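As the structure is a prediction and not an experimental result, all values here were calculated from the model. Naming: A, B, ... by sequence-line order, numbering from 1 per chain.
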Amino acid sequence: MRTREEVDATLQIAKLNADELLPTVHCLGFGPGASGADAGDFCLLELEPALCQQLEAGHSLVIRGDKDEQAVLCSKDKTYDLKIADTSNMLLFIPGCKTPDQLKMEETHCNIIHTEIFGFSNNYWELRRCRPKLKKLKKFLMENTYEGPDSQKEEDSTRSKYTTEDLLDQIQASEEEIMTQLQVLNACEIGGYWRILDFDYEMKLLNHLTQLVDSESWSFSKVPLNICLQELGPLEPEEMIEHCLKCYGKKYVDEGEVYFELSADKICRATAQMLLQNAVKFNLAEFQEVWQQSVPEGMITRLDQLKGLALVDRHSRPEVIFLLKADDLPEGNQERFNSLFSLREKWTEEDIAPYIQDLCGEKQTIGALLTKYSRSSMQNGIKVYNSRRPIS
Amino acid sequence: MVQIVISSTGAGGLAEWVLMELQGEIEARYSTGLAGNLLGDLHYTTEGIPVLIVGHHILYGKIIHLEKPFAVLVKHAPGEQDCDELGHETGTRYLVTALIKNKILFKTRPKPIITNVPKKV
């Protein structure tokens with residue numbers, strides 16, 4: 001082991017003045033097991049401060065991906081693309097090495113610290129926040145939609161069903177992002193498995209509720225849970241009645257009783273979907289009339305309730321409306337734009353925005369996406385966007 | 001799909017290491033490899049400037065507090081521990097062994113040390 005005398009001798013040869021140096025020297029050496037990161041036994045992961053805090057709190061991170069997928073790293077609530085960044089410099093990892101500030105804060109100053117270098121690397125793992133890859137989630141849950149407890153499907157045990165753990169095993173997203181998306185999909189945990197309701201079954205439940213509200217002359221903003229369960233319990237499972245209330249309303253407590261404030265927007269939107277799914281296109285004027293008549297009395301229908309669900313064609317005669325669901329479109333940016341431009345050559349920003357909203361990352365806006373993936377022009381005084389290249 | 005867990009024991013179990021960044025490569029003098037060999041002496045001036053003496057060179061650098069800290073992950077291959085608390089067989093895992101919040105960067109050209117007569121100790 002190097003001695004202080006040897007260190008001082010070296011300082012002399014190097015013509016360095018010991019008075020200008022702190023008293024402590026680190027004698028750096030490679031530990032007996034020191035090796036390069038290329039061997040794969042260890043590596044360096046670059047963290048944003050929030051992730052560092054999570055590790056310090058004892059939380060874990062998980063890398064998820066299939067062999068043919070790009071790996072992602074997930075914290076409990078965020079997803080990051082994982083890439084290897086090369087550096088032309090050599091990075092040495094040194095345990096037990098102190099910085100000048102740390103040395104100055106110490107009371108006693110030892111004059112020599114033998115420090116072992118753990119390893120070295122010329123690359124590290126780099127993280128970039130990305131959108132969670134959630135398309136698979138709906139695809140899995142649609143394999144076996146829930147049609148009620150009496151459906152024959154429920155007796156078939158070979159039909160696919162997914163627990164939370166199953167989903168974490170298969171989806172490249174953080175747990176919180178998956179839970180949020182399950183809520184967006186109106187999914188329900190039944191018997192420990194996540195299920196999406198068959199749309200007709202969901203509408204059946206909703207109709208029971210709206211008819212009950214009507215016959216009891218309740219206000220939509222004060223629907224009592226216990227009476228719903230009482231009156232509708234004979235018709236449908238209580239959990240499903242309550243699930244439907246949660247999907248279409250907001251729960252609150254008033255004087256110890258649980259009530260739901262139903263959302264007119266959500267109910268009008270679901271009603272529109274029910275009408276539109278049975279036709280390729282609908283005459284817009286006729287649709288609007290039927291739609292208004294189909295929603296519960298007192299609710300007002302508005303076309304902006306249908307963003308991301310249906311598209312209006314104002315250039316056709318007569319004007320038409322048809323179903324176009326944002327979550328049926330491709331997940332990748334270029335593929336999404338390709339499919340939108342195949343459907344319609346030129347889009348206004350107002351029409352296309354709901355169909356690209358979910359592509360916006362942390363720092364990307366609709367405007368930035370349009371600039372990148374489309375070309376703009378003016379048509380009748382309005383700015384429209386079309387594809388940058390010919391769509392076959 | 002694969003799930004690879006990166007687990008952490010929390011601040012109590014996490015050491016804080018330092019990263020040293022050097023330009024170029026380090027070669028061992030003899031072909032036995034780097035392990036077990038000395039690298040050099042690291043001093044700090046009273047102003048806090050790192051000074052590294054490696055072989056016949058002196059390098060002056062600076063301490064940088066990292067905006068994005070690093071975690072040192074050590075791989076544990078399957079078989080080292082059979083099951084986790086849930087009783088699942090665990091595959092490859094990484095354990096966060098240390099955090100790195102500071103680096104010592106040497107990017108200026110090293111100054112050669114001219115020795116006429118090596119001093120015998």
- prompt: Non-hydrogen atoms of chain A under 4.5 Å away: do they reach the side chain of B/Val51, the backbone, both or neither?
  reply: side chain

- line: Filtered by a 4.5 Å non-hydrogen cutoff, the part of residues 119-137 of chain A contacting chain B is A/Phe120, A/Tyr124, A/Trp125

- prompt: What part of B/Ile100 is in contact with chain A, defined as an atom under 4.5 angstrom from a non-hydrogen atom: side chain, backbone, both or neither?
  reply: side chain

- request: Heavy-atom distances under 4.5 Å only: say whether A/Leu16 touches chain B with side chain, backbone, both or neither.
  value: side chain

- request: Can you measure from CG (B/Leu73) to CD1 (A/Ile63) and round to the nearest 0.5 angstrom?
  value: 7.5 Å

- prompt: Checking B/Ala15 against chain A: side chain, backbone, both or neither under 4.5 Å from a heavy atom?
  reply: neither

Atom group of B/Thr45 that falls short of 4.5 Å from chain A, counting heavy atoms: both

- prompt: Of the backbone (N, CA, C, O) and the side chain (C-beta and beyond), which part of B/Ile49 lies under 4.5 Å from a heavy atom of chain A, both, or neither?
  reply: neither

statement: Among residues 43-60 of chain A, those lying within the under-4.5 Å heavy-atom range of chain B are A/Cys43, A/Leu44, A/Leu45, A/Glu46, A/Leu47, A/Pro49, A/Cys52, A/Leu55, A/Glu56, A/Ala57, A/Gly58, A/His59, A/Ser60

message: Using every non-hydrogen atom in the two residues, find where B/Val18 and A/Cys97 come nearest and quote the distance to one decimal.
response: CG2-O, 3.3 Å

- request: Report, by ascending residue number, the residues of residues 102-111 of chain B in heavy-atom contact with chain A at a distance under 4.5 Å; give 'none' if the set is empty.
  value: B/Asn102, B/Ile104

message: For the CD atom of B/Glu21 and the CG atom of A/Leu91, what is their distance to the nearest 0.5 Å?
response: 5.0 Å

task: Could you please state which residues from residues 170-178 of chain A sit under 4.5 angstrom from chain B, measuring non-hydrogen atom to non-hydrogen atom, sorted by number, or 'none'?
output: A/Gln170, A/Ile171, A/Gln172

task: Under 4.5 Å heavy-atom distance to chain B, tell me which part of A/Pro95 shows up: side chain, backbone, both or neither.
output: both

Per-residue contact mode, A/Lys104 against chain B (heavy atom under 4.5 angstrom): side chain

task: Return the orientation label for the B/Tyr44 and A/His26 ring planes: parallel under 30°, perpendicular over 60°, tilted otherwise.
output: perpendicular

field: A/Asp19 portion near chain B, given a 4.5 angstrom heavy-atom threshold
entry: backbone

message: At a 4.5 Å cut-off on heavy atoms, which part of A/Ile113 comes close to chain B: side chain, backbone, both, or neither?
response: neither

- prompt: Non-hydrogen atoms of chain A under 4.5 Å away: do they reach the side chain of B/Leu22, the backbone, both or neither?
  reply: both

Interface moiety of A/Asp169 toward chain B, non-hydrogen atoms closer than 4.5 Å: both

task: Let me know if B/Val5 has heavy atoms under 4.5 Å from chain A in its side chain, its backbone, both or neither.
output: both

